[in-house]
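Reading through the structure tokens given below for one structure.
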2 protein chains.
Amino acid sequence: MPPLKQLLRDHHLRHTTARQEVFAALQSAERPLFIHQIVNLCPLSNRTSVYRTLNLFATLGIIETITSGWKSRYELAGPFKPHHHHLHCTACHQLIQLDIPILEETIKSFADSHEYMLTGHHIELTGLCKKCQLSLSQGRD
Amino acid sequence: MPPLKQLLRDHHLRHTTARQEVFAALQSAERPLFIHQIVNLCPLSNRTSVYRTLNLFATLGIIETITSGWKSRYELAGPFKPHHHHLHCTACHQLIQLDIPILEETIKSFADSHEYMLTGHHIELTGLCKKCQLSLSQGRD
DNA sequence: GTTACTGCAAATTGTTTGCAAGGAC
DNA sequence: GTCCTTGCAAACAATTTGCAGTAAC
């Protein structure tokens, strides 16, 4: 049984088309998706259902929310996908994926020593990429 | 000269009432603010200006965006406030402030190696605080 | 004086809700 | 068959834009 179905069953929730479709869209994505992208990737599901599904998934911890600029992006979290972190350029909003094993370990031992039961974590570095550093230092935006 | 004025000058930007007011609102806040809270704290500035200012501040790295639950909150970042990170309890939604010096150093050296001009970083640990671990283990959710 | 910035109002876009119909179990 | 979910449409909320006036330098 696929993990989504199992998880839904555990919570007495139904394994519906919309939930499968949204899950599949997130699973197939290389990068975190904006809501409108998810909507486009889910032609079988109404926009409203996508919202409701994302809301549910967030509550269940299936997805993580990442903020870039004003908008949020969503990606599978925790047990559903090997996670990574991001470098986010605050000017052009490009996302670069990071993998920093040392951070993972440090966080884990920190949580242990403080009696937190960690279910997830998210690290985001924000700054200016090389290109945007240049254009900003040259005057007006 | 206050740091905001200096920074704006460095970017050939003007030190206006709206920018001062939004900055002051963020500075006086104990916790990250939602946009509507910032708007309320800035009676001299139009809602539109608050948006434009936050947008600018985000680009300049003056503020950081953090996601807690479903909505985003904003707080001063980097050089403008001694920063910290959060443990977000997924049960009671309380934000607990954290301080993890080792992570800071690791992150700094990592950014250097990528030619990124880091303006900030944010680490969010999600999990259950001690209290909620107890109450959850004693009954249903 | 020049021109970046602001406020306003309207346009646009994003999100939620109520309710009847449909689908999962 | 029961009741959770969905789709639709409409309400509601958030964000952006154009433009004329204002303020920073």
Side-chain angles (χ1 to χ4, degrees), chain A residues 1-2 4-25 32-60 62-63 65-74 90-91 93 135-141, chain B residues 1-2 4-25 32-60 62-63 65-74:
Chain A
M1 185 179 303
L4 176 64
K5 187 167 184 177
Q6 181 61 59
L7 186 73
L8 290 171
R9 170 170 296 184
D10 290 348
H11 287 273
H12 310 288
L13 298 165
R14 292 178 182 170
H15 188 231
T16 66
T17 308
R19 287 165 188 176
Q20 290 174 61
E21 199 183 24
V22 170
F23 188 82
L33 299 173
F34 290 110
I35 291 190
H36 72 264
Q37 296 177 309
I38 300 174
V39 170
N40 289 339
L41 288 169
C42 298
L44 302 178
S45 310
N46 185 272
R47 162 184 267 91
T48 304
S49 297
V50 172
Y51 276 99
R52 289 196 267 230
T53 301
L54 288 175
N55 216 341
L56 176 70
F57 282 6
T59 304
L60 294 179
I62 295 176
I63 58 173
T65 310
I66 296 165
T67 325
S68 68
W70 288 143
K71 312 263 168 90
S72 294
R73 294 176 178 176
Y74 304 88
T90 51
H93 296 297
S135 53
L136 263 184
S137 70
Q138 283 168 359
R140 34 176 326 244
D141 55 317
Chain B
M1 185 178 302
L4 177 64
K5 188 167 184 177
Q6 181 62 58
L7 184 75
L8 290 171
R9 171 171 294 186
D10 290 347
H11 287 277
H12 312 286
L13 297 166
R14 292 179 183 170
H15 187 232
T16 65
T17 308
R19 287 166 187 175
Q20 291 174 60
E21 197 183 25
V22 170
F23 188 83
L33 298 172
F34 291 109
I35 291 190
H36 71 265
Q37 295 176 310
I38 300 173
V39 170
N40 288 338
L41 289 169
C42 298
L44 301 178
S45 311
N46 184 271
R47 163 183 266 91
T48 303
S49 297
V50 172
Y51 275 98
R52 290 196 267 229
T53 301
L54 287 175
N55 216 344
L56 176 71
F57 282 7
T59 302
L60 295 178
I62 295 175
I63 58 173
T65 309
I66 76 174
T67 312
S68 80
W70 203 230
K71 310 239 168 116
S72 295
R73 297 178 181 176
Y74 304 87

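A, B, ... follow the sequence lines: proteins, then strands. Residue 1 opens every chain. Not measured: the values here are computed from a predicted model.
The nearest whole Å value for the distance from the CG atom in B:Asn55 to the P atom in D:dA14 is 17 Å. We find that CZ of B:Arg19 is positioned 15 Å from P of D:dA23, with the value rounded to whole Å. Taking atom CG on A:Leu8 and atom C1' on C:dG23, their separation rounds to 15 Å, with Å as the unit. In this structure, the CD atom of A:Glu21 is 14 Å from the C1' atom of D:dT5, given to the nearest Å. If you take CD of B:Gln20 and C1' of C:dC5, they are 13 Å apart, rounded to a whole angstrom. When the C1' atom of C:dA4 is taken as reference, atom NZ of B:Lys5 falls 16 Å away, rounded to whole Å. In this entry the distance linking CG of B:Leu13 with P of D:dC25 reads 10 Å, nearest Å. Counting to the nearest Å, the C1' atom of C:dC25 and the NE2 atom of A:His11 are 18 Å from each other.
Distances were taken from every side-chain heavy atom of B:Thr48 (C-beta onward) to each of C:dA9, C:dC5, C:dA24; the shortest belongs to C:dA9. Side-chain proximity of A:Arg14 to the nucleotides C:dG23, D:dC8, C:dC5 is greatest for C:dG23. Closest contact between the side chain of B:Ser45 and the listed nucleotides D:dT5, C:dG7, D:dT15 involves C:dG7.
Taking 4.0 angstrom as the limit, B:Tyr51 places a side-chain polar atom (N or O) nearer than this to OP1 or OP2 of D:dT15. Contact annotation: B:Asn46 side-chain N/O to C:dC8 OP1/OP2 distance is under 4.0 Å. Put simply, A:Thr17 has no side-chain N or O that comes within less than 4.0 Å of OP1 or OP2 on D:dT6. Between C:dT6 and B:Thr16, a contact under 4.0 Å exists linking OP1 or OP2 to a side-chain N or O.
Residue A:Val50 forms a side chain to side chain contact (heavy atoms under 4.5 Å, CB included) with just one option from A:Val39, A:Leu41, A:Asn40, and that option is A:Val39.
Here the side chains of B:Leu4 and B:Phe57 are in contact, with some heavy-atom distance below 4.5 Å.
In this structure, A:Ser49 contributes its side chain and A:Ser45 its backbone to no donor-acceptor pair below 3.5 Å. Without hydrogens or angle criteria, A:Arg19 side chain to A:Arg14 main chain gives a donor-acceptor distance under 3.5 Å.
Using a 4.0 Å heavy-atom distance criterion, B:Leu44 is classed as a sugar-phosphate-only contact. Among the heavy atoms of the strands lying under 4.0 Å from B:Arg47 is at least one base atom, whether or not backbone atoms are also near.
Each of B:Ser49 and A:Arg52 has a nearest nucleotide on DNA chain C; the 5'-most of these lies closest to B:Ser49.
Pairing each heavy atom of B:Leu54 with each of B:Ile63, the nearest pair is O-CD1, 3.5 Å.
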